[in-house]
There are 2 protein chains.
Amino acid sequence: MRDVAAAAGVSLKTVSRVVNGEDFVRPDTAERVHSAIARLGFQRNDLARTLRGGGRTRSIGLIIEDVANPFYSQIARGVEDVARAGGRLVISGSSDEDPARELLLIRSLCERRVDGLLIVPSETGDPRLRAELIAGTPAVFLDRPPGPGGPADTEPRNDTVPPNDTVLIDNVGGARTAVEHLLAHGHRRIACLVDLPEIFTARQRHQGYLEALAANGVPADPTLVRTGRHDVRGAGHAMTELLALPDPPTAVFAGNNLLTVGALRAIGAAGTRVALVGFDDFELADLLATPVTVVAHEPADMGRQAAHLLEARIRGDARPPARILLPTRLIVRGSGEIPPSQG
Amino acid sequence: MRDVAAAAGVSLKTVSRVVNGEDFVRPDTAERVHSAIARLGFQRNDLARTLRGGGRTRSIGLIIEDVANPFYSQIARGVEDVARAGGRLVISGSSDEDPARELLLIRSLCERRVDGLLIVPSETGDPRLRAELIAGTPAVFLDRPPGPGGPADTEPRNDTVPPNDTVLIDNVGGARTAVEHLLAHGHRRIACLVDLPEIFTARQRHQGYLEALAANGVPADPTLVRTGRHDVRGAGHAMTELLALPDPPTAVFAGNNLLTVGALRAIGAAGTRVALVGFDDFELADLLATPVTVVAHEPADMGRQAAHLLEARIRGDARPPARILLPTRLIVRGSGEIPPSQG
DNA sequence: GTCGTCTATGACAACGTTGTCAAAGCACCC
DNA sequence: GGGTGCTTTGACAACGTTGTCATAGACGAC
């Protein structure tokens, strides 16, 4: 900018005025400045601008588990759309469920003075460390609450962690719906594939599964529950084991999109006909050999709602923390309506 | 930092030394500073740090078409992994193939002084405007070259635009392989679904289709080629039209993941048996009613390679621009091996 | 005692902006 | 002629860091 000022024969401040389109610059002066800018290829330095203004960086941080997972990339898209409307860019990072990586991302983002943070918290670290880092930066949590949460609480205990806005899916209700759908089709031996027990959504969906059984007087068989599967391969192995049981399940509830895919692969490989309802919708679910019945929701909408809450906080909204619970809906496609086979 | 210095009873510079782990600070002084930092919750301001250092922001910009498209989110993941290794964060934005949006993103990112840019260029804007904006910032292009490119050139003309590193897929070769596979299975009436003709990859894949036909002495029938389809729905309509022709195709080559899905939907709805080979692999392609034969490649690898090139440029590499062509491979799954029906 | 060397600390400028304030120039009016 | 108000411009400080240089004290060697 100094160079532009020199080239145009004006002061720094005048260049600043022109760049920012302020009033009270004579048209011919502005013209001289503009041509100097074009000649020198000047671009305003936003860092200095933010520093001086004491102000906003017009960016927000987004921490998810893995951007390559469609669930998270849809969230990212929703977030981006709202951020864009607010004139902000999104700096995103994948934590891979690694608390150290998550803390490092949070620290980097806060040191860069993002205007706010959107976090899908990893669940294996100490929430207080995280809380300490984000102190002072508006933050909204997605998909999982920031605190430890009880083993299967709908309202997790947040005593140790300051409360934040949180946007969740109705995991318990969705899982219950899925399992009740299978029960309604005559199944009694229903398997349950869920993610790592540390993960809030896994616990909640497991709870929904148990509630549905209990509410319908079906005894829960622990051998049919496989927790701790975090990827397609793990889910596939678990499903293969389940199908090899002496008294195998006639139906499965799969706790997320990756686990559903794993289960489908294993079922396909075994050549068995097993009913399946999955949590999370996914592309092409309707075109599979047996179209897949799922508990669907809108990840992009979760991203949008969280970004809106964050936007409000950034603007100074001081209302008590909100907790939004997004609905799910059952999409009936075929796999969930397979009747129990006579084992 | 000023407050920390005051609280610890030392100078600004000493706090700076402690924060940056420099030598020549007495342990007890460092301890006083650390406790003041903890007490006040101080976090270093990275903006000021970068400004003063005249240095790197340790961030790179990534401009893709749509992060919600798995093709691009896999690229994003590859980019992120390499950026992370280089200690950088990724600021990403979706251009939605809108040149105005793309320019705005580029401008924002450059003004934020990202260390470099990774761009999947939109093709409907003026490449010179883009070139002007990125002047001075290292940039690498992904999936498409920055210049206009000839209507079907393998090596596009870049006369008007300064050359940059570019990482492309072997679109012509991949498309050729796909179509030759169909020809080898006896098909002569092979339809071709491709994206907007402005888009480089669409032109190249179209060209590969034509080359395969020509090389095998099969006359090209223009009524079997549908260009300008940019989403699932558009591809579905086109496919439905093709199937309704008096002399319908017995096979289809679908030019990308979205078009493949659209074609599959239309074929499923029509209940016809038509051979299909798609460009881009996708999750569950193997589990569909008829598993889908595809021309596969590694989007994450494209992201990684581009990010590596960018990293080198940021470090000052001044070699002439590289052009990397990533290989494709045909994955045979069933849909491409359906024989021609007796129409 | 004096010099040199090394450790530990601080003062100050600078990075590239913009907000504040002052001032110069001009037109207008009494 | 002098006051008033408006437009246009610029000087300067400040944002929060860190690099450069200076200084003060401790220690050992001569």
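The sequence lines fix the lettering, A, B, ..., with proteins before strands; numbering per chain opens at 1.
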- Under 3.5 Å, side chain of B:Asp98 to main-chain N/O of B:Ala100, donor-acceptor pair present? yes

- Task: For C:dG10, take OP1 and OP2 only and decide whether either is under 4.0 Å from a side-chain N or O of B:Thr14.
- Result: yes

- Message: Under a 3.5 Å threshold, yes or no: a donor from one side chain and an acceptor from the other, between A:Asp301 and A:Gln305?
- Response: yes

- Message: Under the rule for side-chain hydrogen bond (donor to acceptor under 3.5 Å, both in side chains), what residues qualify as partners of A:Ser59, not counting sequence neighbours?
- Response: A:Thr57

- Side-chain ion pair, A:Asp115 and A:Arg313, N-O less than 4.0 Å: no

- May I have the distance from B:Asp23 (atom CG) to C:dA8 (atom P), rounded to whole angstrom? 9 Å

- Query: Do B:Ser95 and B:Glu65 have side-chain atoms, one donor and one acceptor, less than 3.5 Å apart?
  - Reply: no

- Note on the structure: Applied to residues 6-27 of chain B, the salt bridge (Lys or Arg N to Asp or Glu O under 4.0 Å) test, sequence neighbours excluded, yields B:Arg26-B:Asp28

- Task: Classify every nucleotide of nucleotides 16-27 of chain C by which part a protein heavy atom approaches to under 4.0 Å, writing B for the base, S for the sugar-phosphate alone and - for neither, in 5'-to-3' order.
- Result: BBBBB-------

- Indicate for each nucleotide in nucleotides 23-28 of chain D, in 5' to 3' sequence, whether protein heavy atoms under 4.0 Å reach the base (B), only the sugar-phosphate (S), or nothing (-). ------

- Got a sec, which residues hit side chain to side chain contact (heavy atoms under 4.5 Å, CB included) with A:Ala83, two or more places apart in sequence or on another chain? A:Ile60, A:Arg88, A:Val90

I'd like a list of close polar pairs between nucleotides 5-7 of chain C and the protein, N/O only, cut-off under 3.5 Å.
none

- Note on the structure: Rounding to the nearest 10°, end axes of the helix from C:dG1-D:dC30 to C:dC30-D:dG1 built from five pairs each make an angle of 70°

- Does B:Arg315 have any salt bridge (Lys or Arg N to Asp or Glu O under 4.0 Å) partners at least two apart in sequence or in another chain, and if so, which? B:Glu311

- Task: Could you tell me which residues satisfy salt bridge (Lys or Arg N to Asp or Glu O under 4.0 Å) with B:Arg49, sequence neighbours excluded, listed by chain and number?
- Result: B:Asp46

May I have the list of side-chain donor-acceptor pairs in residues 32-42 of chain A shorter than 3.5 Å, sequence neighbours left out?
residue	atom	partner	partner atom	Å
A:Arg32	NE	A:Ala8	O	3.0
A:Arg32	NH2	A:Ala8	O	3.3
A:His34	ND1	A:Ala30	O	3.2
A:Ser35	OG	A:Arg32	O	3.2

- Item | With sequence neighbours excluded, residues passing salt bridge (Lys or Arg N to Asp or Glu O under 4.0 Å) with A:Glu80 | A:Arg84, B:Arg101

- Should B:Thr29 be listed as having a side-chain N or O under 4.0 Å from OP1 or OP2 of C:dT9? yes

- Between B:Glu102 and B:Arg144, is the closest basic N to carboxylate O distance under 4.0 Å? no

- Query: Residues two or more places apart in sequence or in another chain: which of them pass side chain to side chain contact (heavy atoms under 4.5 Å, CB included) with A:Ala76?
  - Reply: A:Leu62, B:Val67

